[in-house]
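Here the structure is a predicted model, which means the values were calculated and not measured. Just so it is clear, the values below take in all heavy atoms, side chains as well, and ignore hydrogens, waters and symmetry mates.
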Amino acid sequence: MTKDVMIENFGTLLNMVESFIEAKVNEKFDEIGGKKLNEIIFQNMTLTKKELCKRWNCCSNTIYNMERAGIISALPIPGKRKVYSMADVLRVEMNGKQRNDYLD
């Protein structure tokens with residue numbers, strides 16, 4: 001077998017693998033549905049405390065007070081850094097909570 005034939009066979013094999021993977025991804029996407037996939041991706045989004053303060057235009061003490069009031073919870077991750085799920089952030093925003101409601 002010549003080098004050119006081997007390269008051609010490899011290219012054909014590569015195309016077959018690519019087509020197989022694409023078919024499996026499309027099959028899985030159809031199985032769980034586009035909406036469900038977006039929910040999975042969205043649920044895994046997080047904000048750091050600094051990002052949340054910037055988003056809500058508040059200081060970290062306000063976030064701390066909201067945590068104490070049980071309005072929002074940091075996700076359990078190792079270390080000192082706190083992160084919050086985007087789903088939880090939007091839940092608070094959708095409920096129309098004002099940050100001044102949580103200040104002592």
Q: Find the distance between OG (Ser73) and CD (Glu67) and round it off to the nearest 0.5 Å.
A: 7.0 Å

Q: Indicate the atoms forming the closest heavy-atom contact of Cys53 with Ile63, along with that distance.
A: SG-CG1, 3.7 Å

**Q.** Gap between atom OG1 of Thr46 and atom CG of Asp88 - 0.5 Å precision
**A.** 12.0 Å

Q: Report whether Ile71 and Met86 are members of the same hydrophobic cluster (ILVMFWY, side-chain heavy atoms less than 4.5 Å apart, transitive linking).
A: yes

Q: Determine the minimum heavy-atom distance between Tyr84 and Leu75, stating which atoms define it.
A: C-CD1, 4.3 Å

Q) When hydrophobic residues are tied together by side-chain contacts of less than 4.5 Å, even through go-betweens, does Leu52 share a cluster with Leu90? A) yes

Q) For the hydrophobic clusters of this structure (ILVMFWY residues joined by side-chain heavy atoms under 4.5 Å, transitively), does one cluster hold both Met45 and Val83? A) no

Q) Measuring from Leu14:CG to Asn9:CG, what's the distance to the nearest 0.5 Å? A) 12.5 Å

Q. Phe20 pairs by side-chain contact (heavy atoms from CB on, under 4.5 Å) with which of Lys24, Glu18, Glu22?
A. Lys24

Q) What pairs with Ile21 under side-chain contact (heavy atoms from CB on, under 4.5 Å), at least two apart in sequence or on another chain? A) Val17, Val25

Q | Arg91 to Ile72 - nearest heavy-atom pair and separation | A | NH2-CA, 4.3 Å

Q: Could you pull out the closest heavy-atom pair between Val92 and Trp56, with the gap in Å?
A: CG1-CH2, 3.8 Å

Q: Nearest 0.5 Å please: distance from the CE atom of Met66 over to the CG atom of Asn61.
A: 13.0 Å

